[in-house]
Protein chains: 2
Amino acid sequence: MDQGISDRFGLAVLDPLDGQASSRSERRDQQVQRVLEAAKACFIRSGFKGASMQEICAEAEMSPGALYRYFPSKEAIVEAICEADRRDDASCFIGMLDNPSVVDGVVYAALHHIRHTHECNKTALFAEIRSESMRNPAIDLTCSRNISEVGKRFHQYLSAAVERGEIDPPVGFETLLPTIMAIGEGMALNDLPGRGVDMDQLEILLRAMVVGMLRPRTADVATNTD
Amino acid sequence: MDQGISDRFGLAVLDPLDGQASSRSERRDQQVQRVLEAAKACFIRSGFKGASMQEICAEAEMSPGALYRYFPSKEAIVEAICEADRRDDASCFIGMLDNPSVVDGVVYAALHHIRHTHECNKTALFAEIRSESMRNPAIDLTCSRNISEVGKRFHQYLSAAVERGEIDPPVGFETLLPTIMAIGEGMALNDLPGRGVDMDQLEILLRAMVVGMLRPRTADVATNTD
DNA sequence: AAAATATGAGAATGATCATTCGCATGAATT
DNA sequence: AATTCATGCGAATGATCATTCTCATATTTT
């Protein structure tokens with residue numbers, strides 16, 4: 001954790017081996033990152049409104065004067081944190097949408113998303129972002145952008161499967177997409193693994209659910225009766 | 001909205017027809033309710049931390065001194081709001097779990113819950129409660145209590161159907177219950193009706209999903225291929 | 001090496017917050 | 001009618017907040 005950072009004025013002290021590996025702007029980026037990580041910890045612990053700048057300063061081991069060199073306001077930090085989290089969330093889900101079997105693709109993407117949210121301790125931050133987005137237009141925009149990015153990619157993935165006759169959903173995409181995404185959000189937000197739900201069992205249930213919703217034509221679907 | 005309440009000191013001024021219909025304790029209850037409703041509006045607008053006591057006082061048209069006669073602290077108001085909201089949420093869902101066909105029961109309960117959340121503008125408050133519960137033990141307890149109450153009732157409803165051979169879920173209740181409840185939460189939190197999702201289409205999709213998850217044995221399930 | 005610039009600390013600032021206090025008034029009780 | 005009690009107002013209080021200011025030190029440039 002403490003990687004020997006910084007004397008009191010720890011400028012350009014990194015890696016003496018590397019000589020001038022840390023230019024000014026690199027150093028700046030590192031400090032920005034340091035603030036963001038400290039802020040994230042504080043926001044998870046205390047919420048956006050509940051975490052004070054002093055708390056963030058303490059976590060980042062940095063004075064207010066120093067911190068304000070990197071961000072003009074608390075709001076800017078909040079926005080940066082939300083942006084990063086939503087982007088990570090979207091790419092985590094989208095990155096899994098590549099299985100040739102659509103049912104598998106959706107199931108694995110959902111499972112991966114749930115696991116990722118659990119393992120990276122993103123549940124509390126996600127809940128915070130979600131509630132902030134209800135009244136903060138800037139955060140709402142960030143969330144909407146990422147939702148629509150996921151939605152677009154998801155739409156491509158599913159409609160290609162419809163085209164080739166692999167699935168035959170009982171409703172149109174305008175219903176299917178928001179609903180599936182809401183379901184995924186609910187499962188991530190509830191931290192099912194954290195509540196003791198077995199992931200193998202969850203996979204079975206998710207598959208049954210997805211099969212019900214997408215109605216695959218192929219026969220590779222378990223139709224056992226007991 | 002403004003139902004002719006209160007002169008400046010509006011004590012026992014209600015309903016002159018009724019004579020002493022408003023005893024002291026009845027008047028008290030009304031004032032408590034007035035504070036709660038004002039607080040709810042403020043919390044939806046500004047969040048728990050973001051709403052100030054002054055804001056709540058203004059909304060309730062009451063001075064701080066007066067308000068503190070009814071609640072000892074802001075935290076107490078927050079707890080009362082959460083308690084009421086979660087109770088309402090649970091009873092809304094449980095109240096619909098009475099259909100003799102389990103698939104119908106679950107589908108209608110979910111639809112009703114989604115509609116209720118949408119129509120009563122509960123989405124933002126729910127999100128707020130959810131994020132508060134991640135770091136406030138008192139709120140977490142309130143949420144857990146209601147979740148387990150719903151879970152218990154839901155478990156009864158489903159296990160009775162399993163007993164009589166109506167359904168045959170592919171996984172045990174320890175997986176099925178948390179997952180279904182997480183799904184419902186996700187759909188309510190996403191305010192699907194508010195996002196333009198058609199409720200009739202949603203019913204079709206929900207039914208397909210529930211059928212996939214519960215595997216009813218009876219033949220009353222739509223198995224059309226187009 | 002001297003000037004200019006970037007970075008930092010930490011006290012100060014003014015706003016805002018939850019809560020309390022002193023006091024006045026209406027209702028209930030004697 | 002007099003006293004007591006519940007209710008209410010709104011200014012006051014002390015804490016805390018986000019942000020800024022001053023100044024010191026380090027780094028880069030000249």
Side-chain angles (χ1 to χ4, degrees), chain A residues 5-14 16 19-35 38-39 42-43 46-81 136, chain B residues 5-16 18-35 38-39 42-43 46-81 136:
Chain A
I5 14 159
S6 71
D7 306 311
R8 190 132 162 302
F9 283 89
L11 297 157
V13 286
L14 284 203
Q20 30 107 275
S22 73
S23 76
R24 260 202 173 140
S25 79
E26 283 166 345
R27 156 86 187 178
R28 239 195 118 73
D29 291 349
Q30 285 174 2
Q31 292 290 71
V32 165
Q33 211 49 42
R34 181 136 85 108
V35 172
C42 293
F43 290 153
S46 315
F48 288 143
K49 274 260 152 71
S52 72
M53 290 302 264
Q54 301 286 350
E55 186 183 341
I56 297 173
C57 288
E59 181 84 23
E61 296 176 279
M62 195 181 282
S63 68
L67 192 146
Y68 272 87
R69 300 263 179 211
Y70 301 102
F71 289 92
S73 67
K74 186 182 178 182
E75 174 69 14
I77 301 180
V78 170
E79 283 173 21
I81 295 270
N136 185 329
Chain B
I5 15 161
S6 73
D7 305 314
R8 189 132 162 301
F9 284 88
L11 297 157
V13 287
L14 288 200
D15 223 344
D18 231 296
Q20 31 108 273
S22 72
S23 75
R24 266 211 170 130
S25 79
E26 281 167 347
R27 157 85 187 178
R28 236 193 121 74
D29 290 348
Q30 285 173 1
Q31 293 291 71
V32 165
Q33 210 52 39
R34 181 135 84 110
V35 172
C42 294
F43 290 153
S46 316
F48 288 144
K49 275 261 152 69
S52 72
M53 290 302 265
Q54 300 286 348
E55 186 183 340
I56 297 172
C57 287
E59 181 83 24
E61 295 175 280
M62 194 180 282
S63 68
L67 192 149
Y68 273 86
R69 300 264 179 212
Y70 300 102
F71 289 92
S73 67
K74 187 182 178 183
E75 174 69 14
I77 300 179
V78 170
E79 284 173 22
I81 295 270
N136 184 329

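Note that these values count all heavy atoms, side chains included, but never hydrogens, waters or copies made by symmetry. We name chains A, B, ... by the order of the sequence lines, and we start the count at 1 in each one.
Atom-to-atom, CZ of R34(B) to P of dT7(D) comes out at 13 Å; the value is rounded to the nearest Å. Rounded to an integer number of Å, the gap from M62(B) CE to dT7(D) P is 11 Å. When the C1' atom of dT7(C) is taken as reference, atom CD of Q30(A) falls 14 Å away, rounded to whole Å. Taking atom CD of residue E26(B) and atom P of nucleotide dT7(D), one finds them 13 Å apart after rounding to whole Å. Straight-line distance from the OH atom of Y70(B) to the P atom of dC9(D): 9 Å, rounded to whole Å. Taking atom CG on L67(B) and atom C1' on dT7(D), their separation rounds to 13 Å, with Å as the unit.
Look at R27(B) and you won't find any side-chain N or O under 4.0 angstrom from OP1 or OP2 of dG26(C). A sub-4.0 Å separation between OP1 or OP2 of dT7(D) and a side-chain N or O of R28(B) is present.
Although no hydrogens or angles enter the test, the distance criterion places no donor-acceptor pair under 3.5 Å between the side chain of K74(A) and the main chain of S52(A).
Side-chain contact, R34(B) with Q31(B): a donor N or O sits under 3.5 Å from an acceptor N or O. Judged purely by distance below 3.5 Å, without hydrogens or angles, the side chains of N136(B) and E75(B) pair a donor atom with an acceptor atom.
Scanning both residues, C42(B) and E59(B), for their nearest heavy atoms gives SG-CB, 3.6 Å.
Residues satisfying the side-chain contact (heavy atoms from CB on, under 4.5 Å) criterion with A76(B), sequence neighbours excluded, are F71(B), P72(B), S73(B).
Listed nucleotides: dG26(C), dG10(C), dA6(C). Nearest to the side chain of S63(A): dG10(C). Distance from the side chain of A66(B) is smallest to dG8(D) among dA28(C), dT7(C), dG8(D).
One finds the OH atom of Y70(A) at 10.0 Å from the CD atom of Q30(A) (value rounded to the nearest 0.5 Å).
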*Sugar-phosphate atoms are those with a prime plus P, OP1 and OP2; base atoms are the rest. Using that split, label each nucleotide of nucleotides 17-22 of chain D B, S or - for protein heavy atoms under 4.0 Å, 5' to 3'.*
SSBB--

